[in-house]
Peer 1: 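The structure under discussion is supplied below as structure tokens; questions concerning it will follow.
Labels below follow one simple rule: chain letters A, B, ... track the order of the sequence lines, proteins then strands, and each chain is numbered from 1.
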Amino acid sequence: MIEFEHVSKHYGNTVALDDVSFTVPDGTVSVLIGPSGCGKSTSLRLVNRLLEPNDGYVRVDGTPVREFPPQILRRGIGYVIQSVGLLPHMTVEENIGLVPKLLGCDKRDRSRRAGELLELIGLSPDEYRNKYPIQLSGGEAQRVGVARALAANPPILLMDEPFGAVDPLNRETLQQEFISIQRKLRKTVIFVTHDLDEAVRVADRIVLMRDGNVVQTGAPEEILGAPANDFVREFVGSDRALKRLARFIVGDFMIDAPSVDRGAHLDWNRYRDFEVVYVTDDHRHLLGAVPRDGRAAMSSAEDAMDDALVGAVSFGSTLRDALAEILNTELAETPVVDEHGHLVGRITMAEIYSATPRRIV
Amino acid sequence: MTSRAMRATFQIVLLLFLLLFVYMLDFRLGVLRLLFPLQRELIYQRVTLPTLVIQHLQMVTISSAAATIVGLLIGVAVTRPAGRDFLPLARDLSSFAQTFPPAAVLALAFPVLGFGFRPTVAALFVFGLLPVINNTISGIESVDSRIVEASVGQGMTQKQVLFRTELPLSARVIVAGIRTSIIINIGTATIGSTIGAGGLGTVIIAGLVRNNTAFVLTGAITAAGIAFVVDWLFGRIETLFYDPRERVTT
Ligand SMILES: Nc1ncnc2c1ncn2[C@@H]1O[C@H](COP(=O)(O)OP(=O)(O)OP(=O)(O)O)[C@@H](O)[C@H]1O
Ligand SMILES: [Mg+2]
């Protein structure tokens, strides 16, 4: 657990943090977000004592960080910074082995550990071990930065705009990977970003800051659903309801989808309550959809179906993706498939609404 | 032939020429006779050329080694948090002093330090210090502050940051400073003979006094040859270190 307790920090006359308090529970990700210069990086650096507060306490597991010798503290805290954190004169393996080496691990162990971590972050150890940072793409370098922070298996990670220098497409991949790694490792993470979508994706809690103050803290869906004031409302944007949908997983909201085997005759009398019936093969792979006003008179479901209507979302994606998919098709709903393409359910506008807070239902 | 191979060939020829010129009397005689057919006295008799070379190299080696060590220490000291206050002073002083012509340094040194080998070495040391200090400072300063922060953030001690991050990343610039320092000193040491320090300047001055261009050239060719060889050697040494432009050690 990391606690900020009435922390203030100034640089000369600049007040960077003014009486800031918040808590990061064990095994969760707290995202610090806010306009440039609001004190996000300063907060992060107070945790690993790259800076000392002028007032207040920063505690790790109850102990003020100032009671730890800085080097010892830092070796137990993974630190990832934007783009250039890797040492350019060291190979990927040497970079990852940096903290283990400082901790006195021998070369064989470091090499084995580097291999494990490269696997974890999805880079082939044989291919990447001996490369230099300049030989990596931006996304690969960021992955190695994360691997290095994890190398000594620290319980805490500090990440300062870790994916800031990566193009949007790669950034999303990195976020997904980070989320799945975090699901496995359960680190206590403070994550700084400028990007609200990123915050909504990775955060368990968001700490929204402005001019050295904490404006609102809460789960992303809370902040997006109930902004505390005008600043927050403006910061999260008028599309906050849409952004909020990204917090909900399709698998948690989907309902049963009516389906027929492709060889079977489609009898609409059995599907009176449905606008769409889905067509699958014998292994329940989704093949297409038949809308109610479609070519109902055809002999088999396969002949009747419109395979232009096969768009689907995976059950692990978000309601935001589902909504986008619904808007993409001519149907008012989208089928949901598992990772093998098997039909597992569907999402309609009713499910989307059910996740959206509204005063009048 | 690639330009690289051409350069290597040229350097080997130069080295061979230098060795033959210094150590084979007949070869030197042949070269000088070709250049100065009318000159009767072609070989300086009082001290042999190899002896002068050794004296010369002694002065340069001692002064440059000391300059390198002290320059590095000063450069590192003023880039530490505790020494930061002296950084502008060190930088200004060494930049200013480098605009001095080498001859002026000696001219200033000898009234204070007197005649002979030691004062010359002392003057060369002072002059050789400047490029080392300058390059050590700018080398360390040019290391990306975010890389230093990452190193500190991973839990390196100050000493580890210096030896594992700052020095490896600035080694090339620092070696370039040492190279400049030595090359300057090889040239400046010839002027040292005016205050009786021996070395290759001896034969040059003898030539100037007696109006014997062959003597002058003997000293000049040898000193220039040594400078070339040392320069080439250090050029090779530099490539052993991390190159910020390639960002990869070769
Ligand atoms: N070393 C420093 N010296 C003086 N002022 C500083 C220093 N570092 C930061 N500041 C100031 O403190 C304030 C907070 O800076 P900080 O770097 O924490 O902001 P940030 O939220 O990380 O901003 P960004 O999103 O741009 O990275 C800013 O006003 C900044 O100008
Ligand atoms: Mg910042």
Peer 1: Within the supplied structure, the quantity of interest is the number of heavy atoms (other residues, nucleotides, ligands) at a distance under 6.0 Å from B:Phe86 CZ; does it exceed 12?
Peer 2: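 Atom CZ in B:Phe86 is not packed in, count stays at 12 or less.
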
Peer 1: What are the two closest heavy atoms between A:Ile81 and B:Ala150, and how far apart are they?
Peer 2: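 In this case the closest contact between A:Ile81 and B:Ala150 is CD1-CB, 4.0 Å.
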
Peer 1: Looking only at heavy atoms, which two atoms of B:Glu149 and A:Arg45 are closest? And how far apart?
Peer 2: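 Nearest heavy atoms, B:Glu149 then A:Arg45: OE2-NE, 3.1 Å.
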
Peer 1: About how many Å separate CZ of B:Arg146 and CG of A:Asp160, when rounded to the nearest 0.5 Å?
Peer 2: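 Rounded to the nearest 0.5 Å, the CG-CZ separation comes to 11.5 Å.
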
Peer 1: If you check every heavy atom in residues 91-101 of chain A against those of chain B, which residues fall under 4.5 Å?
Peer 2: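 Hits under 4.5 Å: A:Leu98, A:Val99, A:Lys101.
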
Peer 1: Kindly check if the number of other-residue, nucleotide or ligand heavy atoms within 6.0 Å of CD (B:Gln158) is above 12?
Peer 2: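 Atom CD in B:Gln158 is not crowded, with 12 or fewer foreign heavy atoms closer than 6.0 Å.
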
Peer 1: Kindly check if the number of other-residue, nucleotide or ligand heavy atoms within 6.0 Å of CZ (B:Arg118) is above 12?
Peer 2: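 Result for CZ/B:Arg118: open.
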
Peer 1: I need the minimum non-hydrogen distance between B:Met156 and A:Leu87, along with the two atoms involved.
Peer 2: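 Shortest heavy-atom contact: CE-CD1, 4.0 Å.
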
Peer 1: Give the member of A:Leu103, A:Leu102, A:Asn48 that has the highest number of heavy-atom pairs under 4.5 Å with chain B.
Peer 2: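 When all of A:Leu103, A:Leu102, A:Asn48 are compared, A:Leu102 has the most.
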
Peer 1: According to side chain to side chain donor-acceptor pair (under 3.5 Å), does anything in residues 54-63 of chain A pair up with another residue at least two apart or in another chain? List the pairs.
Peer 2: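 Qualifying pairs: A:Glu5-A:Arg59.
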
Peer 1: Atom NE2 of A:His89 and atom OG of B:Ser170: how far apart are they, to the nearest 0.5 Å?
Peer 2: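 It is 9.5 Å, given to the nearest 0.5 Å.
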
Peer 1: Enter the distance from B:Gln154:CD to A:Arg75:CZ here, rounded to the nearest 0.5 Å.
Peer 2: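 Output value for this atom pair is 10.5 Å.
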
Peer 1: So, using ring pair (Phe, Tyr, Trp, His ring centres under 6.0 Å) as the criterion, who are the partners of B:Phe21 when residues are at least two apart?
Peer 2: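 Only B:Phe17 meet the ring pair (Phe, Tyr, Trp, His ring centres under 6.0 Å) criterion with B:Phe21.
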
Peer 1: When A:Pro88 is tested against each of B:Leu169, B:Val143, B:Thr165 for side-chain contact (heavy atoms from CB on, under 4.5 Å), which residue passes?
Peer 2: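 Only one option passes, and that is B:Leu169.
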
Peer 1: For A:His194, which residues count as a side chain to side chain donor-acceptor pair (under 3.5 Å) partner, sequence neighbours excluded?
Peer 2: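 A:His194: side chain to side chain donor-acceptor pair (under 3.5 Å) contacts with A:Glu161.
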
Peer 1: Atom CZ of residue position B:Phe228 - does it have more than 12 heavy atoms of other residues, nucleotides or ligands inside 6.0 Å?
Peer 2: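 No, CZ of B:Phe228 has 12 or fewer neighbouring heavy atoms, counting only those of other groups under 6.0 Å.
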
